[in-house]
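Read through the structure below, which is laid out as structure tokens, and then see the notes.
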Amino acid sequence: MGKTFAEKILTQKAGLPEAVPGQIVEATPDLGMSHDNTAAIKKIFGKLGLARVRDPERFVVILDHVVPAAQVQYAENHKEIREFVRAQGIRFYDVGRGICHQVVVEEGLARPGWLILGADSHTTTYGALGAFSAGIGRSEMAALWATSKLWLKVPTTIRIELSGTLPELVTSKDVILHLIGRLGADGALYRSVEFAGPLVERMSISDRIVLCNMAAEMGAKNGYVAPDETCFSYLRELGVTDYEPVYPDPDAAYEEVLRFDLTDLPPQVARPHTVDNVVPISEVEGLRVDQVLLGTCTNGRIEDLRLAAEVMGGRPVAEGVRMLVIPASREVWAAAAQEGLLGKFVEAGAMVLNPGCGPCLGAHQGVLAPGEVCVSTSNRNFKGRMGSPEAEVYLASPAVAAAAAVTGEITDPRKLLGS
Amino acid sequence: MIKGRAWKYGDDVNTDVIFPGRYTYARMEPEEMAKHALEDLDPKFAAEVKPGDVIVAGKNFGCGSSREQAATCLVAAGVGAVIAKSFARIFFRNAINNGLLVLEIPEAVDAIGPGDEVEIDPEAGVLRHKGREYRFPPLPPTVMEILRDGGLIPHLKKALTKEG
């Protein structure tokens, strides 16, 4: 019987001849990633009484969650982290470089066949480039600093095969919201998810990132897209050629194989307060919005900004709406500036902010008041997530977010095109 | 032996309501974290929870962010165990790594009501409620060992000391 991607790569990284689902293995990751939580990890690491991180070259630290520092305590965190990474010789990207997941991809640190563990739940992102990547806790990152090893349970795997051609202005965000709505927020709990099929094969890396990023929202341990020429040429552009892809066997044993034809899929929206509360846009059209967030690790790339600008089509942001545009990285910011997109957003009345997580986690830069409604391109709409527990967050694609910004209400973006 | 009252909640209790994002990058000791435990779900929990009390919830408990404070704040608040129909995987790991017992016993979740007395013997694999016993399968040995040592860091410290 053949092996799934998860079974193969975890067997390899644990240095075992074989590993089966349910087995607990000790694996050594190729990369360990942490962000603003590095100060807390350092504190835990301190309890172990070790002076040095065992393999500093295996780790990367990127400041992105509350950047630039919004309060003295965040500033203290950042300062402490800067001193620590310098002393330990850990690769470091300071405030302003971008959101951790975007930076890892742009820096060529997400590679086919790599095992990546990150102290962030959306570490699943790197499966878009054929890595096995999963989120872990802070104590676990401290343990990795100490030993370079961590226990992992070999998961069973769900294969999701997607076919069909998406309608205009319907994106991979609509696809993943639809899948989460169908499977539920625990639909892939503890499991590995392989995204496959002709629709996925045609997707760009940016589109695949959206799928794998939000695999976390169906409970998955990791998401994976088999690396192909799209992936290889993306990495070549970055100057990365040193990797060995891992593929599932054609006769791998899956817990489930699900097939979806997504021709005619309408834009999807996740209503408050769970990500699986998904409906076609027609069910929420006309709802008044106070704020629109375009950005985050899910949808803050240049492709997302282009799409939003196209849908806005030179229209101003509606009266009473605050639109926040947060490019996911400095590279995205610079490209968007060069293409004239940032100027368009500003002229329309939007605020363009520095790269970072922004208000997605409710810490700063546009948190919500009680009773306010936000349409966000982010990945979570939990109660209190973006500020007040009495605020409401609707998750959607950049096209839907842009349409909401210019009309002041949830609107099918296809109605704006050409009008 | 763990003995206390049950605090009962529904499905998909996420880490944002267990420990709000607005505090995640604040510098906070566990005792301070305990004061914010379940703040956005049940504002009276932190003030009224007693040592040994257990949380009883539906499926996918602890979904969302990887923030470890979601486990740390419950331990610091004195929570003896969380019994759920299922757990989100990072929360499950964080709980074990903080020495917090997490058990998947769906039948017990359905039977236990808010405020009920619950008793758990983790080594024997038994939960007692209203004269009924619920058996649960033992956790994997690797996981039990971490729990017995009080979490991943004490466990690792022990191992590092042994290595000398």
Which atom pairs, one donor and one acceptor, sit under 3.5 Å between chain A and chain B?
residue	atom	partner	partner atom	Å
A:K43	NZ	B:E29	OE2	2.7
A:K47	O	B:K157	NZ	3.2
A:H65	NE2	B:Y25	OH	3.4
A:Q73	OE1	B:R27	N	3.3
A:N77	OD1	B:R27	NH1	2.8
A:N77	ND2	B:Y25	O	2.9
A:E80	OE1	B:R27	NH1	3.0
A:E80	OE1	B:R27	NH2	2.8
A:G135	O	B:R89	NH1	3.2
A:G135	O	B:R89	NH2	3.2
A:R138	N	B:E68	OE1	2.5
A:R138	NH2	B:T24	O	3.4
A:S139	N	B:E68	OE1	2.7
A:S139	N	B:E68	OE2	3.4
A:S139	OG	B:E68	OE2	2.3
A:E140	OE1	B:R93	NE	3.2
A:E140	OE2	B:R93	NE	2.7
A:E140	OE2	B:R93	NH2	2.7
A:E140	OE2	B:N97	ND2	2.9
A:W151	O	B:R93	NH1	3.2
A:W151	O	B:R93	NH2	2.5
A:A185	O	B:N60	ND2	3.2
A:Y190	OH	B:F87	N	3.2
A:Y190	OH	B:F87	O	2.8
A:Y190	OH	B:E104	OE2	2.4
A:R380	NH2	B:G64	O	3.2
A:R385	NH1	B:D16	OD1	3.1

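Looking at A:A216, there are no atoms closer than 4.5 Å to chain B (heavy atoms on both sides), in backbone or side chain. The contact between A:I24 and chain B is made entirely by side chain atoms (from C-beta outward), counting heavy-atom distances below 4.5 Å. Both the backbone and the side chain of A:L152 come within contact range of chain B, judged by heavy atoms closer than 4.5 Å. Looking at A:A146, only its side chain comes within 4.5 Å of chain B, counting heavy atoms on both sides. With a threshold of 4.5 angstrom between heavy atoms, B:F87 approaches chain A through its backbone and through its side chain. With a 4.5 Å cut-off on non-hydrogen atoms, B:L152 touches chain A through its side chain but not through its backbone. If you measure heavy-atom distances from B:I146 to chain A, the contacts under 4.5 Å come from the side chain alone. Neither the backbone nor the side chain of A:A40 comes within contact range of chain B; no heavy atom of the residue lies under 4.5 Å from a heavy atom of that chain.
Taking the side-chain contact (heavy atoms from CB on, under 4.5 Å) definition, one finds that B:A76 meets it with B:P30, B:A34, sequence neighbours left out.
Contact count versus chain B (heavy atoms, under 4.5 Å) is highest, among A:G384, A:G135, A:P389, for A:G135. With respect to chain A, the highest number of heavy-atom pairs below 4.5 Å among B:C63, B:P20, B:G64, B:A88 belongs to B:G64.
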Discussion item. If you apply the rule side-chain contact (heavy atoms from CB on, under 4.5 Å), what do you find for A:I136 with B:I90, and how did you get there?
Written reply: CA-CA 6 Å; A:I136 58 170; B:I90 304 179; 5.8 Å; no
